[in-house]
2 protein chains.
Amino acid sequence: MKGQNQTLKIDGIDKEILRNLMEDARRPILEIARKVGISGAAIHQRLRKLEASGLIAGSKFIIDPKVLGYKTMAFVGVYLDKAVSNPKAVKQLRDIPEVIECHYTTGNWSIFIKILCRDNEHLMVVLNKNIQAIEGVSRTETFISLDQQIDRQIKI
Amino acid sequence: MKGQNQTLKIDGIDKEILRNLMEDARRPILEIARKVGISGAAIHQRLRKLEASGLIAGSKFIIDPKVLGYKTMAFVGVYLDKAVSNPKAVKQLRDIPEVIECHYTTGNWSIFIKILCRDNEHLMVVLNKNIQAIEGVSRTETFISLDQQIDRQIKI
DNA sequence: CATGAAAGCGACCGACT
DNA sequence: AGTCGGTCGCTTTCATG
């Protein structure tokens, strides 16, 4: 994979293409072609180049967890005992489906996670039964997202 | 939009379809049809139903910010003066492209944000020049993501 | 809810500029 | 890098079980 260790050069047309597909991954290439004023084949070629560069990490359908009843998002700072191997804790976090992000972070917490639960009761269960059960977890600090106002990718 | 105020009922085939498209939004419907063993038209119908229910919030190309040189992700807890209208602060945060998430949260912070910067120097500029410049921001607490280990959607 | 058929496009590729 | 043209496959709709 090239382009990984240097800043990739992309031009305005590449940006147009990416912006379109970041908005709607299923937007037809030919539609984008008409918008930006070059042929579909050219867009196709550029997309191959962008994929090869590693810039395009894939495409996803985004589902709204609220519709499935998952209405409580929370962030949890996790304190780990010094003795414990952090990767081992992460491995166990991976097995908790409610955990949707996990970071090693600077600061007081060893690990910082984002979790998605149905409600506060469910959140409590996940914290007390699943997270606390992980070996090495000494303490957690939790705060709930009351409302997410911004959710986007980096500006192209 | 229906289904927004109750838990939506989806069956195993719906889940298969969604899991496939959550992995790769451009995966052909006919390919999924062959995998799950029903016709393309049936998948198509189910997708229309799922869209109407609001479960499918869209589709996105995912780009890797690292390839563009954005290698520092950080979380920032923001303290706001009581007097300030929070939506006004959010409005200004929206104009900072480096801010990719923003939540109202419980706990000590009024607002919690995720930001994506090229490096620590860039992060410092964003914090000191952009975030601190927002009216009502009294103090911030920042911690950096050293490595993101988990990034996924809710399990279907 | 499912199916198959049919129409209309779009993706993709090779040849060429 | 881009265009053009052709083929193949996909999406979408509709009438039907």
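Lettering of chains follows the sequences in order, A, B, ..., and the numbering in each one begins at 1.
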Rounding to an integer number of Å, can you tell me how far [X] [atom1] sits from [N] [atom2]?
X        : N       : atom1 : atom2 : answer
Glu16(A) : dA1(D)  : CD    : P     : 18 Å
Glu31(B) : dC8(D)  : CD    : C1'   : 15 Å
Asn20(B) : dC10(D) : CG    : C1'   : 16 Å
Ile29(A) : dC9(C)  : CD1   : C1'   : 13 Å
Leu21(B) : dC10(D) : CG    : C1'   : 14 Å
Ile13(B) : dC1(C)  : CD1   : P     : 10 Å
Ile43(B) : dC10(D) : CD1   : P     : 13 Å
Lys49(B) : dT12(D) : NZ    : C1'   : 18 Å

Checking contacts here: which listed nucleotide ([options]) is nearest the side-chain heavy atoms of [X]?
X        : options                  : answer
Pro28(B) : dG4(C), dT11(D), dC13(C) : dT11(D)
Ala42(A) : dG4(C), dT3(D), dC12(C)  : dT3(D)
Ala41(A) : dG2(D), dT11(D), dT3(D)  : dT3(D)

Residue pair [X] / [Y], side-chain donor-acceptor N/O under 3.5 Å:
X         : Y         : answer
Glu98(B)  : Tyr70(B)  : no
Ser59(B)  : Asp24(A)  : yes
Gln132(B) : Asn130(B) : no

[X] side chain N/O closer than 4.0 Å to the phosphate oxygens (OP1, OP2) of [N]?
X        : N       : result
Arg26(B) : dC10(D) : no
Arg48(B) : dT12(D) : no
Arg34(B) : dC10(D) : yes
His44(B) : dT11(D) : no

What nucleic acid atoms does Leu30(B) come within less than 4.0 Å of, heavy atoms only: base, sugar-phosphate, or nothing?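 Counting heavy atoms under 4.0 Å across all strands, the contact made by Leu30(B) includes a base.
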Using a heavy-atom cut-off of under 4.0 Å over every strand shown, decide if Gln45(A) touches base, sugar-phosphate, or nothing.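 If one applies the 4.0 Å heavy-atom cut-off, Gln45(A) turns out to touch a base.
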Distance check, rounded to the nearest 0.5 Å: Glu141(A) atom CD versus Leu127(A) atom CG?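 The CG atom of Leu127(A) is 12.0 Å from CD of Glu141(A), to the nearest 0.5 Å.
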Is any NZ, NE, NH1 or NH2 atom of the basic residue among Arg19(A) and Glu16(A) found under 4.0 Å from an Asp or Glu carboxylate oxygen of the other?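 Result for this pair is yes, salt bridge flagged.
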